[in-house]
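These notes are about the structure you will find just below.
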Number of protein chains: 2
Amino acid sequence: MSLRHGLLGLLAEGPASGYDLARRFQEALGTVWPAQHPRIYAELSRLAEAGLIEVDSHGPRRRKAYRITGEGLAEVRRWLAEGEVDHTFRMETLLRAYFFWLMEPAELRAHLERERAFYAETARTLRAYARAKDRGEWGTGPQVRAMRVALEAGIRINEALASWAEWARETDPMAPGSPGSPGAAASPAPAAAPPPEAEG
Amino acid sequence: MSLRHGLLGLLAEGPASGYDLARRFQEALGTVWPAQHPRIYAELSRLAEAGLIEVDSHGPRRRKAYRITGEGLAEVRRWLAEGEVDHTFRMETLLRAYFFWLMEPAELRAHLERERAFYAETARTLRAYARAKDRGEWGTGPQVRAMRVALEAGIRINEALASWAEWARETDPMAPGSPGSPGAAASPAPAAAPPPEAEG
DNA sequence: GAGCGCATGTAAAGGGTTACATGATTCT
DNA sequence: AGAATCATGTAACCCTTTACATGCGCTC
């Protein structure tokens with residue numbers, strides 16, 4: 001679980017309210033770490049209870065800003081230093097790829113083209129952001145430079161996936177005529193290996 | 001939620017027990033879609049109840065193999081065709097990158113080197129698998145070709161991340177001397193923007 | 001017959017999403 | 001005055017993980 005540390009990390013930049021944090025999670029970390037406001041408010045309560053953050057100020061519309069404590073800052077730093085990184089990356093795109101053999105070739109080609117377009121466009125958008133940061137439009141502080149590094153990872157992953165989708169479409173791995181491919185729209189065949197002997 | 005469809009997809013290849021599916025989820029889909037056996041058994045019960053799968057056979061040690069039904073096969077295909085792909089990729093590596101500015105430069109360099117090594121090694125392993133498949137060591141059926149395509153995505157993502165980690169380490173974005181970097185082990189400073197007025 | 005690996009589950013606790021609810025302030 | 005937006009939360013449901021529990025079959 002890293003929402004806890006994500007919140008601490010954002011609060012290390014300065015005080016913020018649950019609403020602020022929800023917005024920043026959505027904008028900055030939306031694709032790598034989605035978080036909805038109910039979870040965020042709940043987690044903030046827990047963090048406050050644990051003394052890792054504390055109420056900084058009360059604002060206009062019951063706004064309540066939190067501030068990270070020394071303990072909290074130590075905890076993020078401990079988390080970052082400790083090093084045990086979870087390397088799983090949950091990606092539906094990749095899960096689906098395992099089941100491409102169940103798709104009609106035409107459908108698959110269309111799907112891969114949509115995927116390619118999506119990742120290429122995302123990479124393009126991120127690259128524009130990166131260039132803006134490189135021009136110093138967002139300042140040159142350490143946070144901005146860290147974000148630039150994160151951005152670079154996003155760019156490279158999206159580019160990799162775009163080029164993968166293109167490669168897959170060109171390779172046409174499930175093309176009709178290839179051995180074992182589902183005959184073009186002909187039979188919605190059972191597809192299973194050992195044919196069932198009898199029902200029940 | 002795609003565990004449901006993941007199970008249906010695997011069962012489309014042929015009958016399997018919960019135990020088999022847990023093992024295959026771990027081995028084939030472990031990094032992209034982790035799933036533990038309790039969830040798998042629970043989901044199999046639900047799928048059976050919904051008529052998407054049914055008991056195929058009973059084996060030695062209370063083993064219970066399931067088989068996909070026509071309805072189940074239609075459901076996976078519907079899922080694959082429908083197209084609404086969730087493009088979020090939860091990656092701790094990327095989340096951490098946003099907080100690199102909180103790390104000591106030396107620590108960060110060490111971290112990036114560990115990450116680089118990990119992704120490079122993973123890519124290497126996957127590439128070896130891919131070559132084996134290309135030599136036809138696992139057959140040439142549609143499932144194998146689909147897996148080859150998925151494998152290619154894994155290779156490209158891991159290569160992208162390895163090259164990113166190397167780039168980041170060489171760029172040395174949080175190097176001492178750069179404006180605003182945490183002075184080498186000097187002050188465990190508050191780091192926050194607006195300094196708190198008073199305690200409590 | 002001891003131990004290992006196969007095989008299936010339950011229980012508890014926590015994480016995450018969606019829907020619902022509400023109040024306060026600003027803008028038009 | 002009405003609408004939009006800021007802001008915080010509760011409730012219900014589902015997903016996920018970890019720990020616990022148990023029994024069968026094979027191998028040594």
Side-chain angles (χ1 to χ4, degrees), chain A residues 1-8 10-11 15-27 29-50 53-67 79 84 86-92 95, chain B residues 1-8 10-11 15-27 29-50 53-67 79 84 86-92 95:
Chain A
M1 211 278 292
S2 304
L3 174 59
R4 165 134 57 270
H5 296 112
L7 291 172
L8 286 175
L10 289 181
L11 284 172
S17 69
Y19 190 86
D20 295 337
L21 294 164
R23 199 155 26 79
R24 295 187 57 190
F25 253 92
Q26 172 66 15
E27 284 167 13
L29 303 165
T31 44
V32 291
W33 216 269
Q36 289 71 28
H37 73 260
R39 193 83 257 286
I40 289 175
Y41 288 119
E43 199 61 45
L44 285 173
S45 295
R46 285 190 49 173
L47 285 168
E49 211 180 326
I53 62 175
E54 54 194 15
V55 175
D56 178 67
S57 65
H58 291 271
R61 318 145 196 225
R62 341 188 259 173
R63 179 192 167 89
K64 196 167 42 171
Y66 289 93
R67 166 192 12 169
W79 171 66
E84 271 301 324
D86 180 359
H87 286 108
T88 60
F89 43 103
R90 251 169 215 281
M91 290 190 54
E92 206 189 290
L95 180 67
Chain B
M1 208 278 294
S2 303
L3 174 61
R4 165 135 57 273
H5 296 111
L7 291 171
L8 285 174
L10 289 180
L11 284 170
S17 68
Y19 191 85
D20 296 336
L21 294 165
R23 198 154 28 76
R24 295 186 58 190
F25 252 93
Q26 171 66 16
E27 284 167 13
L29 305 166
T31 43
V32 291
W33 215 268
Q36 288 72 28
H37 73 259
R39 192 83 259 281
I40 289 174
Y41 288 119
E43 199 62 44
L44 286 173
S45 295
R46 285 188 50 174
L47 285 168
E49 212 181 324
I53 63 175
E54 54 195 14
V55 174
D56 178 68
S57 66
H58 291 269
R61 318 147 197 219
R62 325 190 277 174
R63 179 192 165 88
K64 195 165 43 169
Y66 289 93
R67 169 193 10 176
W79 171 65
E84 269 303 323
D86 180 359
H87 285 108
T88 60
F89 43 102
R90 248 168 217 280
M91 289 189 54
E92 206 189 290
L95 179 66

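Every value quoted in this text rests on a predicted model; they were computed, and no experiment measured them. The sequence lines fix the lettering, A, B, ..., with proteins before strands; numbering per chain opens at 1.
- The closest side-chain heavy-atom distance from A:Asp20 to A:Arg63 is below 4.5 Å.
- For the OP1/OP2 pair of D:dC6 and a distance below 4.0 Å, the side-chain nitrogens and oxygens of A:Ser17 include no atom meeting the criterion.
- Using a 4.0 Å heavy-atom distance criterion, A:Arg23 is classed as making no nucleic acid contact.
- The separation between A:Ile40 atom CD1 and C:dG14 atom P is 20 Å, rounded to whole Å.
- Using a 4.5 Å cut-off on side-chain heavy atoms (C-beta onward), B:Ile53 and B:Leu7 make no contact.
- Atom NE2 in A:His37 sits roughly 14 Å away from atom P in C:dA21 (whole-Å rounding).
- Straight-line distance from the CZ atom of B:Arg39 to the P atom of C:dG16: 15 Å, rounded to whole Å.
- With rounding to the nearest 0.5 Å, the separation of CG in A:Leu10 from NE2 in A:His5 is 13.0 Å.
- Between the CZ atom of B:Phe25 and the P atom of C:dT8 there is a distance of 15 Å, rounded to whole Å.
- The side chain of B:Gln36 contributes an N or O atom lying less than 4.0 Å from OP1 or OP2 of D:dT17.
- Straight-line distance from the NZ atom of A:Lys64 to the P atom of D:dC6: 19 Å, rounded to whole Å.
- Applying the 4.0 Å criterion to OP1 and OP2 of D:dG9, one finds that A:Tyr41 has every side-chain N and O outside that range.
- Taking for each of B:Pro60 and A:Ser2 the nucleotide of DNA chain C with the nearest heavy atom, the 5'-most of the two is the partner of B:Pro60.
- When the P atom of C:dG15 is taken as reference, atom CG of A:Leu44 falls 14 Å away, rounded to whole Å.
- Distances shown here put a side-chain N or O of A:Tyr19 below 4.0 Å from the OP1 or OP2 atom of D:dC6.
- For the atom pair CZ (A:Arg46) and CG (A:Leu3), the distance works out to 10.0 Å, reported to the nearest 0.5 Å.
- With a 4.5 Å cut-off on side-chain heavy atoms, A:Thr31 and B:His87 do not count as touching.
- Considering only side-chain N and O atoms, A:Arg90 lies under 4.0 angstrom from the phosphate OP1 or OP2 of D:dT16.
- When each of D:dT8, C:dA24, C:dT17 is scored by its nearest atom to the side-chain atoms of A:Arg61, the top-ranked nucleotide is C:dA24.
- Distances shorter than 4.0 Å separate none of the side-chain N or O atoms of B:Arg62 from OP1 or OP2 on C:dT8.
- Look at CD on A:Gln26: it is 16 Å from C1' on D:dA7, rounded to the nearest Å.
- Spacing between atom CG of A:Asp86 and atom C1' of C:dG15 amounts to 14 Å, rounded to whole angstrom units.
- In this structure, A:Arg46 reaches the sugar-phosphate backbone alone: every heavy-atom distance under 4.0 Å involves primed, P, OP1 or OP2 atoms, never a base.
- Within the 4.0 angstrom heavy-atom criterion, only backbone atoms of the sugar-phosphate kind lie near A:Arg63; the bases stay farther away.
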